[in-house]
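Here's the structure, in structure tokens; my notes come after.
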Amino acid sequence: MATSREVSTMIRQGFVSDPTFSFSPSRIRSTATHSRVLNSPNSKTLLSPPHLNSSTESTHHPTLFQMMSEEQTHEQNRIKSQSKVSKIVEEFENLNDCGMGSGDVRLTVIGKDGCRVSVDVHKRVLLDKSGFFREKLRGREKGVMHTVEISECDDVDVYLETLVLMYCDDPKRRLMGESVTKVLAWLKVSSAIVFEVGIESCLEYLEAIPWSEEEERKVVSCLGELQLNNSEKILQRVSCEQSTCARADDIFLRVLSGVLQAKDDKARREVKSLISRLFKEDSSDHGNRLNVSKDTLYSLCHRCLSSLVLCLSEAACVDDSRRDRGALISEITREAENLQWIVDILIDKKMGDEFVKLWADQKELAILHSKIPTVYRHEISKITAQLCIAIGRGQVLVPKDTRYSLLSTWLEGLYEDFGWMRRAYRSVDKKLVEDGLSQTILTLPLLQQQAILLNWFDKFLNKGDDCPNIHRAFETWWRRAFIRQNAPEQDNSLSQITVCDYVD
């Protein structure tokens, strides 16, 4: 060892050497140390195929087909990996032939799968580009061949490609066209060996290209793990400044108002679907990070209600022969659909209780509703059905007086419009509306159930399918009233408690 004057180092998961030449990069864990001497400093670059670990045991017994498929996949990956590594090795050989001279550091990289690759690199490049190598190799004797081994690497070609970047005058240009996953892998190695130019190039590349949602998660996770000083510019793409959070309600109001006032019906429907999906995704996370205020949503409700009153007032006076009849129907439909959309958001945000009372108190609107033809008004009755479904599912909790007031104000209109709703809209789920209405009625006191269901009984006999079929609610009421009669009986078996003073 003394005559060859070689420095031999085994590096594990980065760089950990023998006791006489020990170093390891930050953020890389080491569990063992091993060293040996390579006695042929001028040996050619080596590429060894991987070997399989026969000691690995499986907890299940794969079928022959599964074994053959796994073997084929493994072989394809091995061939692909060898092809990539061979190209990288060829690049290093070309560097030695382009005036840089022979490398004076023999670097051997060993993958976890046993793949072993050796290349000759230049000490002056490592010292110039890598802060880690600069610290560990500075002062080592010149004119000798240093031998370094990197063992148990997750990805051999990533380590080698990062070394190739050190030789590039413009590393960022080499990154162009690469995937986010690949660049993040280079960034991790560059960070571990303190390759500042590589870190900067990777960050600039990541900042400039678009990401998919999956890539975004990888970028945020990687940068959070590495804690690089200059990564804030990249994270600005996904982070929210405090000033933006403070203005969130204004932004929501602008977006929702824009949808309600949209002139293109197709665009309005598409954006409604988009916004609803985003709100539902937020609610499904139980985080409710989209803190749109109740005041904002109810201000939009009042705006829609005012527009509906004006439209129905005009419809009550319209002459059927006038040419603007179609335009008026469209306007009423649009305002009713807008209100349904806001109510759906309120229910999803668990803010719909106040709207039930607000809708129950719309006596003027209900009177106008009864005076105009069904062709104008049936879309409005869908709001009543929407609220009954929510009450029946327990998504809206309101007092019994409010529930009764809701039905007293709007149930007749729902009966009258139900046939038109069922025929005109395939999106109306007849059974869903009937179940919601039944459940809402059955939450009321028994006498109120009786009044509502006897009235329904007469209407259903005359209108048939054009009236909601809530016979299950009728059955339940009948059993409660005449069969089960669940009035609580006085329990005389209760123990009597006597309190007396005890004098010692």
Side-chain angles (χ1 to χ4, degrees), residues 298 301 304-305 308-309 312 336 339-340 342-344 346-347 350-372 374 377-422 425 428-481:
Y298 275 95
C301 286
C304 292
L305 286 171
L308 276 177
V309 171
L312 265 65
L339 189 54
Q340 292 167 30
I342 298 298
V343 171
D344 187 59
L346 284 170
I347 293 171
K350 299 180 174 60
M351 301 177 183
D353 50 342
E354 292 183 17
F355 184 81
V356 178
K357 186 175 188 311
L358 178 63
W359 188 244
D361 291 341
Q362 298 301 308
K363 308 297 184 182
E364 179 185 2
L365 187 62
I367 293 172
L368 290 171
H369 178 273
S370 66
K371 292 181 177 180
I372 63 176
T374 306
R377 72 189 193 193
H378 62 274
E379 191 71 37
I380 298 173
S381 290
K382 290 172 68 176
I383 300 171
T384 305
Q386 182 182 18
L387 294 177
C388 288
I389 292 170
I391 293 172
R393 289 175 169 176
Q395 296 172 326
V396 174
L397 305 177
V398 292
K400 63 178 180 295
D401 291 342
T402 302
R403 300 194 298 272
Y404 183 69
S405 178
L406 170 69
L407 297 178
S408 298
T409 304
W410 289 106
L411 188 55
E412 286 296 324
L414 179 59
Y415 286 160
E416 296 298 323
D417 295 346
F418 186 78
W420 190 283
M421 289 167 51
R422 184 174 58 83
Y425 297 97
V428 174
D429 189 328
K430 177 176 179 288
K431 186 176 185 304
L432 195 63
V433 175
E434 292 170 344
D435 288 347
L437 182 56
S438 296
Q439 295 297 335
T440 301
I441 293 171
L442 292 174
T443 63
L444 299 175
L446 198 61
L447 289 178
Q448 292 178 347
Q449 295 177 40
Q450 173 181 311
I452 292 173
L453 289 169
L454 289 178
N455 180 52
W456 164 82
F457 186 79
D458 294 334
K459 288 188 176 296
F460 184 71
L461 290 176
N462 292 315
K463 295 174 65 70
D465 287 343
D466 285 344
C467 181
N469 188 347
I470 53 175
H471 69 276
R472 293 189 181 277
F474 187 86
E475 291 177 19
T476 301
W477 161 76
W478 183 278
R479 293 190 180 98
R480 287 174 176 175

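Numbering of residues begins at 1 and proceeds along the displayed sequence.
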In the structure I gave you, are the side-chain heavy atoms of [X] and [Y] within less than 4.5 Å of one another anywhere?
| X | Y | value |
| --- | --- | --- |
| D417 | R377 | yes |
| E416 | T374 | no |
| L437 | L414 | yes |
| I367 | E364 | no |
| D429 | I389 | no |
| L454 | W477 | yes |
| F474 | N469 | no |
| L387 | V396 | no |

Could you walk me through whether E412 and N455 satisfy the side chain to side chain contact (heavy atoms under 4.5 Å, CB included) test, starting with their C-alpha distance in whole Å, then the side-chain angles of each, then the deciding distance to 0.1 Å, before giving a yes or no?
CA-CA 10 Å; E412 286 296 324; N455 180 52; 2.9 Å; yes

Could you state the interatomic distance from CD1 (I383) to CD1 (I342), rounded to the nearest 0.5 Å?
11.5 Å

K371 atom NZ: more than 12 heavy-atom contacts under 6.0 Å:
no

Heavy-atom neighbours of K357 NZ exceed 12 at 6.0 Å:
no

Any pair counted as side chain to side chain donor-acceptor pair (under 3.5 Å), so long as it reaches residues 393-404, sequence neighbours left out
R403-T443

Please confirm whether the backbone N or O of E379 pairs with a side-chain atom of Q340, one donor and one acceptor, at under 3.5 Å?
yes

Any side-chain to backbone donor/acceptor pair from T440 onto I391? Under 3.5 Å, distance only.
no

Q386 and D344: side chain to side chain contact (heavy atoms under 4.5 Å, CB included), yes or no, with the steps?
CA-CA 8 Å; Q386 182 182 18; D344 187 59; 3.7 Å; yes

Does a side-chain N-to-carboxylate-O contact under 4.0 Å join R422 and D466?
yes

If every non-hydrogen atom of [X] is compared with every non-hydrogen atom of [Y], which pair is closest and at what distance?
| X | Y | value |
| --- | --- | --- |
| P468 | Y415 | CD-CD2, 3.7 Å |
| Q439 | G392 | CB-CA, 3.6 Å |
| C467 | F418 | C-CD2, 3.7 Å |
| C388 | L406 | SG-CD2, 4.5 Å |
| L346 | C301 | CD1-SG, 3.7 Å |
| S405 | A360 | OG-CB, 3.5 Å |

Parallel, tilted or perpendicular: ring planes of H369 versus W410, cut at 30 and 60 degrees:
perpendicular

Identify, with sequence neighbours excluded, every residue that meets side-chain hydrogen bond (donor to acceptor under 3.5 Å, both in side chains) alongside E434.
K430

Stepwise, does the side chain to side chain contact (heavy atoms under 4.5 Å, CB included) test hold for L442 with R480?
CA-CA 10 Å; L442 292 174; R480 287 174 176 175; 3.7 Å; yes

